[in-house]
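As structure tokens, the structure follows; a few thoughts come after it.
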Amino acid sequence: LAGRLGDRLDVPVYAVGGFVRDILLGRPNLDLDVVVEGDGIAFARALADELGGRMRAHHKFKTAVVIFPAWESERQRGDNGIPDAAPPALPVAGDASNEATAEAAHRAAERPEQRIDVATARPEYYEYPAALPTVELSSIKMDLYRRDFTINAQAVQLNGAHFGRLVDFFGAQRDMKDKVIRVLHSLSFVEDPTRILRAIRFEKRYDFRIGAQCERLIKNALQLGMMDRLSGARLFHELKLIFDEKAPLPCIRRMEDYDILRLIHPLLKLNPAKMDVLTELERVLHWYRLLYLSPAPEPWMLYLLGLCGNGKYLDVAAVTDRLAFSRKVRQDFLTLRENVREVYNLLNLWMQRDGSMSGLNNLLSPIAPEGILYLMARAKTEDARKHISYYLTRLRGETPDITGNDLLAMGISAGPAYGRVLRRVLAAKLDGLARTRAAQLDLAHE
Ligand code: CTP
């Protein structure tokens, strides 16, 4: 569709970046980035019309994002996988006047949106020193040259006659074959130090290796203090991407090899004890995800808890400042960490002195899932771990079999007493003292 549109508007159109890299590596990637040698915003506008979506333009950078409802099923697609017609636009809210419309609205609301980023490649004029003639570089070449690594600097043309033509000016094909991460020019990491973390992420994700020259440039940039120049927000964003990877641990080890963790903040430096906890964290997170338990935890919180280890409150606060957390996220993270430390000690006491399910529930229910998984990874004994996993899989979803309506029917007037009674009933249910609804009603009566 993008290629046909390019033909109609008479502009060359390319898929670029990670999308092309992943197709060539046989991996799924739905983030399509498109570069247009021409007016990218006009192209994006036309594309949004075709797709029944909308478009947001950034005129200063001549970029745009096209957002459209994800395609629904094979039914809407032509034989070549490209929809023959634009997918139906989202129904207007409040217009669900008959069942069919209501059903469509419901399905549309559930359907995720897809986005296509569109950029404009402009021809650039390269002025060589010493009176050599000014040269015009093809705009797609210039666009690709600005990118981080060769594997991310390939394009595939989408226009009809050239559909599928691979554009590789910088040896990406060779590097993919040799499984090497290589930059395009020696100032790449100085221009953008987030690329140091990106290099590590791609190396581990694809099981490539950072090339020798690339590694020298990374070390050089680190020595020049480039990590300190990186804003907290960008640094945090990159770290989150690392923690979102399937296996962040090898990335964390690699960061340690380059001494990056200490450079972010000395508290984060790795040691064998932290490494053990992080390894266990990864196992626990995997277990949690396999069971499809919800809510989905934020991996960054888990890994950051692990990296902060037993650090002092003020040092952890300094880490949150270095990463420019918003006031709320900072508060939530610091509170979670304090709560987890307290519950960690109380849990041992509970095991020695109490052992009741209601006691376990009281201890763990105020803690966010990330904190509970962290506790599980740090549990001293297999027994403690089993109790926490029992809480996550069984206790957490439990509610009393009676409700506020039952209390109302008993003539108890609505108010704070409801919470107290229902908590007591739940505790009795968890401890096996009032398993049935009848028993719980009796208890509420008391
Ligand atoms: N890019 C770059 N330098 C950066 C970030 C991005 O040159 N610091 C370029 C790369 O060509 C990259 C493209 O912009 O392929 C898109 O970036 P992004 O969407 O962040 O990453 P992807 O490469 O698609 O990686 P991922 O699979 O992690 O999304």
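In what follows, every heavy atom counts, from backbone to side chain, and hydrogens, waters and symmetry copies are set aside. In listed order, ligands and their atoms are each counted from 1.
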Classify the ring geometry between Phe149 and Phe189 as parallel (under 30°), tilted (30 to 60°) or perpendicular (over 60°).
tilted

Ser231 and Phe236, any side-chain heavy atoms less than 4.5 Å apart
no

Tell me if the CZ atom of Arg396 is crowded by more than 12 foreign heavy atoms within 6.0 Å.
yes

Give a yes or no on this: more than 12 heavy atoms of other residues, nucleotides or ligands lie within 6.0 Å of atom CZ of Arg165.
yes

Atom-level proximity to ligand 1, residues with heavy atom under 4.0 Å:
Gly17, Gly18, Arg21, Asp33, Arg147, Asp148, Asn152, Asp192, Thr194, Arg195, Arg198, Arg201, Phe202, Arg205

Flag yes if more than 12 heavy atoms outside Lys269 fall under 6.0 Å of its NZ atom; otherwise flag no.
yes

Counting only heavy atoms not in Ile23, do more than 12 fall under 6.0 Å of its CD1?
yes

